[in-house]
Peer 1: 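Sending over a structure as structure tokens; questions will come in a sec.
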Amino acid sequence: MSRLLTMTDIWIEGRSDEVWNPIINGVDLHLNKGEVLGLIGESGAGKSTMGLAAMGFCRDGVRIAKGSVNFDGIDLVKASAEVKRGLLGKRIAYVAQSAAASFNPAHKIIEQHTEGPTQHGVMGKSESERDAMELYAKLRLPHPEEIGFRYPHQVSGGQLQRAMTAMAMSCRPDLIIFDEPTTALDVTTQIEVLASIRDIVDQFGTAAIYITHDLAVVAQMADRIKVLLRGDEVETQDTRAMLSHPKEDYTKSLWAVREFKRPQKPPVHDRATPVVSVQGITAGYGKIDVLYDVSFDIHEGRTVAVVGESGSGKSTTARCITGLLPPRKGVIEFDGVALPLDYRKRSKDQLRQVQMIYQMADTALNPRKTIGEIIGRPVEFYMGLKGRDKRRRVEELLDQIELPADRYIDRLPSELSGGQKQRIGIARALAAEPRFIICDEVTSALDQLVAEGILRLLAKLQDELKLSYMFITHDLATVRSIADEVVVMKDGEVVEQGPKVEMFQPPHHPYTDLLLSSVPEMDPDWLNTLLKERGVDNIGDAAVQKMD
Amino acid sequence: MNPVFKIILQRLALGLLTLFIVSVVIFTAVNMLPGDFAEAILGQGATPEAVAAIRRDLGLDQDPVTRYFQWLAGAVQGDLGNSFAQANFASFVGTEGSANMASVANQIGPRFWNTMFLAGVTALIAVPFAVILGILAALYRNSAFDKFANMFTLTSISSPEFFLAYILILFLAVLNPMLPSLSNIYADMGLGERLEKTLLPALTLTLVVTAHMMRMTRAAIINLLASPYIEMARLKGISPLRVIVKHALPNALAPIINVIALNLAYLITGVVVVEVVFVYPGIGQLFVDSVKIRDIPVVQACCLIFAGAYILLNLTADIMSILSNPRLRHPK
Amino acid sequence: MSLWMQIVVVLLLCLAGGWAFRFAGIKATDGKPFYRDMPLSVAFGYVLGAVLLVWIVWSYYLSRTLPAPEVNKYFFFRIAIEGFIIFALFAWLFRLLGRSVGTSTTKKLFRQMPLTASFGILMILIYAFLAIFAGLLAPYGQEQIVPGVAANIPPGGNPAMGGNRDFPLGTDQIGRDILSRLIYGAQNTVGIAFATTCLAFFIGGSLGFLAATLGGWLDQVLSRGVDVLMAIPSLIFALLLMTIASAWAGSEKGLLTFYMVIIIAVIDSTRVFRLARAVGANIVVMDYIEAAKLRGEGLGYLIFKEILPNATAPLLAEFGLRFCFVFLTIASLSFLGVGIQPPLADWGTMVRDLAQFINFAAFAPQVASAPLLAAGAIALLTVAVNFVVDWMLHRSSGLKE
């Protein structure tokens with residue numbers, strides 16, 4: 001195979017506060033014709049910057065300080081703007097993370113599709129339109145003759161992402177950069193997009209750089225994987241070799257979360273009173289109901305995972321339990337006693353018993369308060385501790401969440417890392433000495449290693465303090481590692497519920513089945529097998545049918 | 001019905017409602033005057049007969065609600081009542097009777113068109129100038145040009161209108177006699193001469209409005225250029241000119257129109273001071289004069305006109321940005 | 001018309017020069033990307049900038065060398081250039097001082113500060129100093145007509161030109177010292193504007209946060225009310241209300257000034273309300289507010305301990321902008337004759353009183369500078385505040401990225 005792209009000793013810098021800081025430190029990258037390279041790493045690893053640099057492009061305030069990008073004999077770093085413009089879109093194309101934001105809202109999809117070919121002089125407008133429809137059909141978009149004549153906001157996210165892939169294909173480029181194309185999508189939609197991207201890349205023999213933070217996704221797409229960490233290369237290997245024998249410790253740790261399993265707990269006593277019992281709640285905003293007759297119990301020392309895709313009503317259920325959104329119908333019992341539905345009518349002690357940990361630690365902690373003040377407030381408010389007693393209790397709590405008290409007590413949240421902030425959120429909930437904590441997607445904004453640490457901490461605290469958790473998540477890997485019981489939700493209804501062991505074993509409700517089978521696995525053959533099971537040609541339709 | 005029509009109709013209705021409430025506010029404010037209009041204008045030395053005469057002439061013996069609706073009904077038909085200044089004079093010389101009183105509408109009419117002329121000339125100079133400079137500053141942001149423009153516009157925003165007016169008079173009328181410093185305009189003046197006399201006040205207003213407009217245009221364009229679809233267009237190898245014309249401009253139209261309408265509304269405030277400095281016979285100068293002699297009907301009428309223009313311009317901005325939003329024009 | 005022709009010719013020459021400049025650059029550097037990828041418009045900009053710079057230097061040279069009658073034309077130009085350089089120099093020195101004196105936080109602040117912001121801070125300090133110590137600094141009283149001194153002494157203090165050393169900035173139309181009135185003006189105009197802004201913030205800020213936190217009907221009523229009040233242009237509304245206030249106050253000038261403060265504060269509080277409500281609404285949706293609500297915290301704690309500390313940065317910037325706006329409104333009202341009432345010295349009124357001298361500029365530029373001094377004093381302060389606010393906004397937006 002012949003070489004298409006060679007990036008040698010790339011150094012990239014970004015400007016902040018009038019200083020140039022390094023983003024990429026001397027990384028090499030090469031790609032053969034028709035090959036797919038996976039570029040993976042955590043947030044801040046420099047994946048996207050590297051991907052754009054492969055096109056000879058830098059965002060504002062970023063520059064290639066050193067190195068060369070050789071694309072088929074042309075050095076893109078030294079090339080003039082005109083030469084680069086001739087290549088971009090025509091021989092190198094780009095698929096962005098958010099299709100909704102990357103399509104111009106003012107023009108129809110097909111107008112944006114044909115712009116590249118006509119501007120580069122590859123095809124005429126009508127020819128390009130016909131070609132677009134063919135590509136839409138190949139990517140299994142519904143109504144390929146019409147969909148292009150819609151405006152971007154009239155098309156769903158998954159379809160838009162495929163339309164963008166079609167647009168990247170419009171000039172039949174030699175290389176496509178995929179920048180996290182499925183990150184913003186739900187798992188069941190993600191599969192369709194992944195399958196169609198892989199198909200079309202195979203079909204035209206296009207080389208690609210596939211950027212993602214999800215190792216399981218990249219395992220399906222790439223021939224070879226390169227791992228980046230804070231602007232440095234960790235290792236590069238063929239996909240199968242990388243999965244079976246990662247060389248570096250960091251690479252091994254990347255999928256550590258998938259190995260974290262808790263020992264099975266004994267079944268709950270039949271007549272035990274649940275800590276929290278949700279009974280037949282129906283709730284909504286304004287006149288529209290978004291929750292219908294939701295019921296489940298949460299027992300002492302147990303974790304109930306509430307799983308579902310965006311819009312399934314998981315977070316609304318949490319808002320009902322906390323009392324922020326009083327349900328229209330139904331009862332919420334705590335320890336067998338019905339709670340007032342509006343939080344403003346609950347007693348201080350009732351409020352204390354139900355605590356919450358949020359997804360975005362950034363917005364969950366007041367940026368103007370020190371850690372000591374944030375954790376100290378509930379200690380003072382509920383326990384009435386002041387002065388030295390309060391400080392001792394805060395130190396105790398910091399100790400429980402495994403942060404050295406003397407170093408962190410006087411700091412502001414902005415001085416902490418994402419994982420540390422999430423720990424402070426946990427400490428604030430613990431400070432109220434509750435029996436029940438709602439964890440709302442607490443790990444989904446975190447990198448995998450950090451997320452695992454949080455999960456371990458939550459498990460440890462549960463064992464020590466006999467806490468009950470309601471764990472809201474869309475990530476089934478997290479469910480596998482921490483849940484005792486699972487509640488699957490879809491469109492505001494509970495589809496299925498039961499102990500975790502049962503839930504992960506067939507037979508399932510069809511939706512649970514779809515959800516479970518859509519979660520990418522580390523096995524590079526996973527997507528192939530799945531597509532074969534579902535029937536390759538109508539994967540999109542199959543998904544839709546199963547959902548209905 | 002197309003939802004856009006529905007939204008626009010709603011906005012129009014809201015605008016009318018606002019105008020109605022504003023007229024109530026203006027009328028109520030004026031009615032908060034202590035004692036009586038008649039005493040207020042005639043002063044303490046007025047004879048009871050003169051006060052009674054004026055009260056009768058102006059209909060002050062009726063209750064406020066009736067008077068409000070009479071005033072409103074008149075205002076809708078273009079009859080804004082009679083000027084106190086003239087009434088005052090009439091009652092002193094003893095020639096009573098409404099025939100001799102100058103109506104507010106007659107007084108305001110020609111001045112209104114003068115002011116519109118001034119605002120029009122200003123808009124003609126300022127709008128293209130500001131929009132082009134704003135786009136340039138956004139395209140070459142953080143360059144020396146951008147920094148200089150930033151400093152210059154901040155300075156001109158910060159300066160009171162009369163300061164800018166006197167600086168311009170100093171340099172363009174006194175030191176280099178190119179333009180007249182007084183704008184004595186009369187009815188049957190040729191367009192050329194009229195333009196010449198209007199140019200200096202128009203330039204002053206241009207300085208004020210351009211600065212605002214340019215800064216807002218710059219911010220809107222920078223915001224736009226940072227959007228992912230512009231990056232996508234550049235990554236498709238589209239030429240810079242086409243990126244601007246085809247991808248940025250259709251989406252920039254709404255914010256730019258918004259900026260223009262908002263700043264034309266801002267002109268209204270500037271017009272008052274500038275007309276006084278240049279003795280320009282417009283509605284702003286009349287307003288200030290009437291305020292000084294407490295000629296209530298004229299003050300009321302001017303206030304209503306200014307507020308009406310202000311509401312209209314803001315409404316235009318609103319409607320234009322609705323019309324240029326593809327999400328609303330092409331509903332799902 | 002010949003002037004316009006000249007301008008067009010110069011611009012065309014600049015365009016040609018720009019092309020030549022780029023061409024020469026490419027040849028000389030052997031195609032460095034800087035020149036190669038430079039659009040013609042940018043090259044044109046460089047040349048135009050250079051031409052303007054040369055023109056400024058040349059005019060300044062003329063202003064220092066030309067004989068008496070012709071030089072009058074360049075008098076104000078010279079003052080502007082020299083003033084600009086002196087101010088820039090002082091701002092630079094001030095920043096240098098700030099970098100070496102004070103705590104490590106302020107030192108760091110001064111290190112990142114652009115020259116415009118340090119100029120702004122310096123000016124605000126000077127104005128504050130003048131306003132506070134006006135009584136000690138002014139050589140004469142603000143209403144004092146010094147016996148035996150002529151009216152209308154031109155500024156400059158040069159007896160040869162009709163000036164008087166005891167009155168370096170001259171006297172006004174009834175023989176009051178302009179320097180003293182300028183200094184007292186700082187106290188009156190700035191002080192009143194400051195008090196008005198504070199009042200506007202108190203009213204608008206507290207109602208805005210209340211509306212954002214409580215929401216519901218209170219928010220609806222307040223917001224709709226503010227919408228209506230904002231539908232009347234503020235200067236127009238102020239003029240209307242001042243008419244009524246002047247009837248209420250009658251001959252009591254002090255009372256009228258008090259009414260003015262109230263009127264402008266109320267009108268301006270609508271803008272503050274909008275901002276405070278918007279800022280508050282952005283903070284209220286944060287999870288930490290939800291956490292505090294669910295903890296059972298009261299309204300007072302929510303507003304003062306959770307919301308307010310996070311709103312200080314935008315509110316402080318808004319305070320600067322509002323102050324400028326209030327200050328300019330008061331100055332405009334005074335200039336129109338319905339603002340701060342004589343005999344209080346006030347810059348807006350001073351401009352109006354001295355305005356006619358501007359027509360003497362062609363033969364006696366010193367005389368013409370009298371009205372510009374007061375107007376310039378207004379502009380200088382608002383420019384200074386705006387520079388500081390601009391920097392603050394830039395900093396807070398930069399921190400977000």
Side-chain angles (χ1 to χ4, degrees), chain A residues 15 18 48 51-52 54-61 81-108 111-122 149-156 164 167-168 170-171 173 176-177 179, chain B residues 2-4 7 135-144 146-147 218-258 320-332:
Chain A
R15 195 177 166 86
E18 315 282 305
S48 292
L52 288 171
M55 309 178 74
F57 184 86
C58 287
R59 293 208 165 107
D60 276 340
E82 263 162 85
V83 172
K84 273 195 279 191
R85 219 180 299 134
L87 289 175
L88 290 181
K90 189 177 175 190
R91 297 194 60 198
I92 315 175
Y94 180 73
V95 176
Q97 175 173 356
S98 164
S102 297
F103 269 113
N104 192 328
H107 301 297
K108 290 177 184 154
E111 279 174 30
Q112 302 185 49
H113 183 108
T114 55
E115 187 179 21
T118 47
Q119 287 296 304
H120 288 296
V122 179
F149 294 93
R150 297 194 204 159
Y151 283 86
H153 66 272
Q154 297 169 322
V155 177
S156 75
M164 175 162 287
M167 183 161 83
S170 62
C171 293
I176 301 186
I177 316 288
D179 193 353
Chain B
N2 191 325
V4 178
I7 296 174
I135 292 176
L136 282 179
L139 286 181
Y140 301 110
R141 60 184 170 283
N142 297 330
S143 68
D146 183 32
K147 281 180 180 148
R218 175 182 179 273
I221 298 283
I222 284 182
N223 198 6
L224 190 82
L225 289 181
S227 51
Y229 59 83
I230 297 293
E231 183 178 283
M232 191 70 215
R234 285 164 71 193
L235 288 173
K236 269 158 67 182
I238 310 291
S239 71
L241 187 69
R242 198 181 152 87
V243 170
I244 299 284
V245 173
K246 191 88 187 171
H247 289 273
L249 222 50
N251 295 294
L253 227 48
I256 289 179
I257 289 174
N258 212 357
M320 287 310 231
S321 61
I322 292 170
L323 280 180
S324 52
N325 184 347
R327 277 161 215 278
L328 288 174
R329 253 187 310 144
H330 311 284
K332 282 193 180 180

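Each chain gets a letter, A, B and so on, in the order the sequences are listed, and its residues count up from 1.
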Peer 1: Of all the heavy-atom pairs spanning B:Asn142 and B:Lys147, show the shortest one and how long it is.
Peer 2: O-NZ, 3.9 Å

Peer 1: Which one, A:Lys84, A:Met55, A:His107, leads in non-hydrogen pairs under 4.5 Å with chain B?
Peer 2: A:His107

Peer 1: Enumerate by number any residue of residues 240-249 of chain B whose heavy atoms lie under 4.5 Å from heavy atoms of chain A; in the absence of such residues, state 'none'.
Peer 2: B:Pro240, B:Arg242, B:Lys246, B:His247

Peer 1: Nearest 0.5 Å please: distance from the CG atom of B:Leu235 over to the CZ atom of A:Phe57.
Peer 2: 4.5 Å

Peer 1: Let's test your reading of the structure: which of A:Leu52, A:Val95, A:Asn104 forms the most heavy-atom pairs below 4.5 Å with chain B?
Peer 2: A:Asn104

Peer 1: Which atoms of A:Gln112 are under 4.5 Å from chain B, going by heavy atoms: the side chain, the backbone, both sets, or neither?
Peer 2: both

Peer 1: At a 4.5 Å cut-off on heavy atoms, which part of A:Ala93 comes close to chain B: side chain, backbone, both, or neither?
Peer 2: neither

Peer 1: Does any part of the side chain of A:Cys171, heavy atoms only, come nearer than 4.5 Å to the side chain of A:Pro117, both counted from C-beta?
Peer 2: yes

Peer 1: If you check every heavy atom in residues 218-228 of chain B against those of chain A, which residues fall under 4.5 Å?
Peer 2: B:Pro228

Peer 1: Let's test your reading of the structure: which of A:Lys90, A:His120, A:Arg150 forms the most heavy-atom pairs below 4.5 Å with chain B?
Peer 2: A:His120

Peer 1: Heavy atoms only, distances under 4.5 angstrom: which of A:Ser102, A:Gly89, A:Ser98 has the most pairs with chain B? Name it, please.
Peer 2: A:Ser102

Peer 1: Using non-hydrogen atoms only, which part of A:Tyr94 is less than 4.5 Å away from chain B: side chain, backbone, both, or neither?
Peer 2: both

Peer 1: Just verifying a value: how many Å separate A:Met167 CE and A:Thr114 OG1, rounded to the nearest 0.5 Å?
Peer 2: 10.0 Å

Peer 1: For A:Arg91, what residues pass the salt bridge (charged side-chain N to carboxylate O under 4.0 Å, His left out) criterion, not counting sequence neighbours?
Peer 2: A:Asp72, A:Asp174

Peer 1: So what's closer than 4.5 Å to chain B heavy atoms on A:Ile177: side chain, backbone, both or neither?
Peer 2: neither

Peer 1: Which residue pairs pass the side-chain hydrogen bond (donor to acceptor under 3.5 Å, both in side chains) test when at least one of the two sits in residues 229-238 of chain B, sequence neighbours left out?
Peer 2: A:Arg59-B:Glu231, A:Glu115-B:Lys236, B:Tyr229-B:Asn251

Peer 1: Once you round to the nearest 0.5 Å, how far does NE2 of A:His153 lie from CZ of A:Phe103?
Peer 2: 13.5 Å

